[in-house]
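See structure below.
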Amino acid sequence: MKAAGRSAGARLRDRLAASDPGLLRLTAGLRTVGAIAVTLAVLASAGNDVTHLVAGAMAAMVATFAIREKQRGAQAVTLALGLPVALVSVSLGAVLSERVLVGDVFFVVLIFAAVYGRRFGDRGTALGLIGFQVYFVALFVGASAGQLPGLWAALAVAFACSALVRFAVVPVTPSGLLLRLRQAFRARLGRLVSAQLALLDAGPDEMDKALEDVRLANARLHETALMIQSRLEEGTPDEPTARLVQRRIADAEIAAERLGLLLLSARSAERADTLTLHLPGAPAPEVGRLPGPDEATAQLRRDLRALRVLVVRTRPGGTSVARLRNRLLGYRDEENLPAATPAVRDVFRAVGETARAVMGLRVALEGPQDESDDSPATARSREELDAEDAAIAGEEAEEAEKPRGLERPTTRAAVQVSVGSTLAIVGGELLSSHRWYWAVLTCWIVFINTASTGEILVKGYRRLLGTVFGVVAGILLAALVGRHTWTAFFLVLVLIFAMFYTAPLSYTLMSFFVTAMLGLLYTLLHTYSWEVLVLRVEETALGAACGVVAAALVLPVNTDRRTNELLVTVLERLAAVTEAAVGQLSGGPGGDLLDKARELDQALGDLRSATQPLTHPVTPLRTRRTNARYVVALLETCAYHARSLAATAELLPTHPSIAADPRLRGAAGRTVRNIVTIADRVAEEDVTVPVETGPSIASLLGGDGTARYGRITDRVLRHLERLDEAVVGLARPLSVPVKPTDR
């Protein structure tokens, strides 16, 4: 029973780690709720009234979520600086509340300064956020000059309680967070192998769902890999360790994705297109039973289950686990492959490569493992990993150039949100002289983490939708709670936790919980009414409209212009990764391929976010939506093959089955030129140079690409040819002419 309980607990932890990588959402919710609860307990024990309780609770929430630094020391400094900023802000809010014109002008100036402060990094962003939100708190509770001493005390208590919860009750160290992210990666990798196992057994009617599950599992695994990369420098003891973990994460991701692709190809009449793993809603290819003897299929099923055990097993020791590992790593040798068709044998090879990546990841994350039960194949894999580790440790990272001067978008955003807030103040005053600040708050919020008019429009629409439904929930909760103060505060804590837990998943859900919580706060302040909540919807709609108008008319960043700029960045980084990887595979000097690949992934993530206005379900431009989704999916396919080339290139010094081929540079030159041509055309429409097509990469090398698995003319050619096809495929949706090359 005890063992079973531990197993159930481990499964629960894996589920949490997979659904909430690093437990970031859970930690944010617990920290915020804990800070508010402790603040309420201290203030209530001191006999404060409801107004001071609400002000303290809101200040504790702001003091908790505003701090974004990763290092604990930096967090403490920002929190200490935030308290005087909050005291000044609440004082000005109380004093200027009776001076309408002066107060409104100061509010606009404060908004400009808060947004402009983002140029100074996380600390500037946090202090600006604290200044704005605490000024809003003063307006919300109707603070007056006579109440300031009590409000100062409430704010001091709130910041102290926030610090207590942050550093003592729910502490998060960079190394601890990275550990949880690594556990999340392992859990999501296990989910991907489970999805691939379902893909193996899916019937024709189940194929679309099975493929969608694999596609979703791939996307979530990649999301966790990017989160880990963003935390490596703070969570690892030194730079070589960070680079080693980064490399092993990339290896495992690429190997697992390639396993799914080969499995799909084995079940298809022809080799599956990589795009099927990256285009949402893409139909599954025609599939049948896995070709070859049934024994091979049954063995593959057992091996996928064994691979899943290797991934999710928290303790790698034990003879049974060693036997599983030895068997799977044996598939890296041709003589150990079962009798089956070439496509099925490719899947077994991919299982062996994925097992090797899992072992390398475990060594990088957990240190040396027990080698007493190693088979010769496992021992060779360990030797390869050790040699790669030594090569990675000797590399030096390049300094990334930071943007300067006018390249920072903070000035433009500050001017835009100031103009939008001015409009919101004027319109909000016309709607209500007492609740006008809701329009300003909405205008402020829709500008956060947005960079184009389209993004602001989508965010404003989502906030309005969440607010409408939240008003209904607020009415129901207020009716149920009545004047039971502590019941209302308890429900407020529940709603705040839900708000922070769902914020990264759905902005609409977050807005729903915020509005429902405000209905309860109005009840506590005895200012609740049906009219107040309806006014909340009207002010929200007004604020969103003012934000869109300001973004469209003041220093506008057109959605098309924004996406084109990001698209050019993605293409330039794709060309850089491809050229560097091919150069190294051709025998050229080594380079910092992992950092280049990470920069490509980050640029692609920015582009994916920027295209949300074009791909949103409510957009009336259906053709553009389809086109944007297709382009992003093609770019994700290109990025996958570029990452694979980079990972393979870094194996050259140590991997016995890979050798440099000088012919690759010339053969892949067409692909790099095509990427540059497309980037030039997107950046400047007058460019008329066409994209070239011609013979396959294999034929340019003078071969047919059928060399022994693992050699350069097989592993690399597969990725180069798929990359070449995907790049040419980008030409049509981006209106770039295509010209066949006479060869």
Side-chain angles (χ1 to χ4, degrees), residues 3-4 6-8 10-11 13-14 182-183 185-201 248 251-252 255-256 258-260 262-263 266 290 292-340 344-389 655-657 709-710:
R6 284 200 303 269
S7 178
R11 288 198 299 270
R13 285 194 299 272
D14 281 347
R182 287 165 4 195
Q183 292 170 343
F185 184 85
R186 188 183 68 235
R188 287 193 165 181
L189 183 56
R191 289 282 184 92
L192 176 56
V193 176
S194 296
Q196 292 169 347
L197 189 58
L199 183 68
L200 172 66
D201 294 322
R248 295 302 171 221
D251 282 350
R258 185 167 176 268
L259 171 59
L262 290 174
L263 179 60
L290 204 68
D294 292 338
E295 293 80 5
T297 303
Q299 184 174 341
L300 181 58
R301 188 179 296 110
R302 288 195 304 271
D303 289 336
L304 286 175
R305 289 172 180 158
L307 180 61
R308 183 173 57 192
V309 170
L310 293 183
V311 170
V312 302
R313 182 89 172 220
T314 55
R315 294 183 180 179
T319 305
S320 59
V321 175
R323 282 201 300 266
L324 293 179
R325 183 185 62 231
N326 292 341
R327 186 177 84 231
L328 299 187
L329 288 172
Y331 293 140
R332 301 184 68 222
D333 295 332
E334 293 293 314
E335 59 270 17
N336 294 327
L337 294 174
V344 175
R345 288 166 67 90
D346 274 347
V347 180
F348 279 101
R349 294 184 184 104
V351 168
E353 292 297 325
T354 307
R356 176 190 184 275
V358 169
M359 183 173 71
L361 181 62
R362 194 175 286 280
V363 171
L365 299 181
E366 301 172 8
Q369 309 290 309
D370 182 13
E371 304 177 14
S372 59
D373 295 319
D374 281 0
S375 67
T378 302
R380 284 196 301 274
S381 296
R382 287 194 192 278
E383 291 171 1
E384 294 170 9
L385 291 170
D386 290 342
E388 292 170 22
D389 294 351
H655 204 291
S657 62
Y709 171 84

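Counting from 1, the numbers follow the sequence of the chain as shown.
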Inset, instruction - Indicate the atoms forming the closest heavy-atom contact of L199 with G260, along with that distance. - result: CD2-O, 4.3 Å
Inset, instruction - Start with the C-alpha distance between R349 and L262, add both sets of side-chain angles, then the distance that settles side chain to side chain contact (heavy atoms under 4.5 Å, CB included), and finish with yes or no. - result: CA-CA 10 Å; R349 294 184 184 104; L262 290 174; over 6 Å; no
Inset, instruction - Taking R345 for its side chain and P338 for its backbone only, find out whether a donor-acceptor pair lies under 3.5 Å. - result: yes
Legend entry - Steps toward side chain to side chain contact (heavy atoms under 4.5 Å, CB included) verdict (L189, R186): CA-CA 5 Å; L189 183 56; R186 188 183 68 235; 5.6 Å; no
Legend entry - Nearest non-hydrogen partners of Y331 and F348, listed with the distance: CB-O, 3.3 Å
Legend entry - Pairwise distance CG(D201) to CZ(R301) - rounded to 0.5 angstrom: 4.0 Å
Legend entry - L192 side chain reached by V311 side chain, heavy atoms, under 4.5 Å: no
Legend entry - S375 side, atom OG; R325 side, atom CZ - distance, nearest 0.5 Å: 8.0 Å
Legend entry - Rounded distance [0.5 Å steps], CZ in R188 versus CZ in R191: 8.5 Å
Legend entry - Side chains of R248 and V363 in contact at under 4.5 Å (non-hydrogen atoms): no
Inset, instruction - Compare every heavy atom of N336 with every heavy atom of G330, then report the nearest pair and how far apart it is. - result: O-ND2, 2.9 Å
Inset, instruction - Can you measure from CG (L197) to CZ (R302) and round to the nearest 0.5 angstrom? - result: 12.5 Å
Inset, instruction - Go through the structure and list residues passing salt bridge (charged side-chain N to carboxylate O under 4.0 Å, His left out) with R305, not counting sequence neighbours. - result: none
Inset, instruction - Measure the shortest side-chain to side-chain distance between D333 and R380 over non-hydrogen atoms and say whether it is less than 4.5 angstrom. - result: yes
Inset, instruction - Give a yes or no on whether the backbone of A256 and the side-chain of Q196 come within a donor-acceptor separation of less than 3.5 Å. - result: yes
Legend entry - Least distance between heavy atoms, A252 atom then A357 atom: CA-CB, 3.7 Å
Legend entry - Criterion side chain to side chain contact (heavy atoms under 4.5 Å, CB included) against V347, the qualifying member of L300, D303, L304, L337: L300
Inset, instruction - Work out which heavy atom in G352 is nearest to a heavy atom in L329; give both atom names and the distance. - result: O-CD2, 3.8 Å
Legend entry - Nearest non-hydrogen partners of R362 and L310, listed with the distance: NH2-O, 2.8 Å
Legend entry - Side-chain heavy-atom pair R323, N326 within 4.5 angstrom cut-off: no
Inset, instruction - Measure the shortest side-chain to side-chain distance between T354 and V193 over non-hydrogen atoms and say whether it is less than 4.5 angstrom. - result: no
Legend entry - Nearest-0.5 Å distance, CD of residue E295 to OG1 of residue T297: 8.5 Å
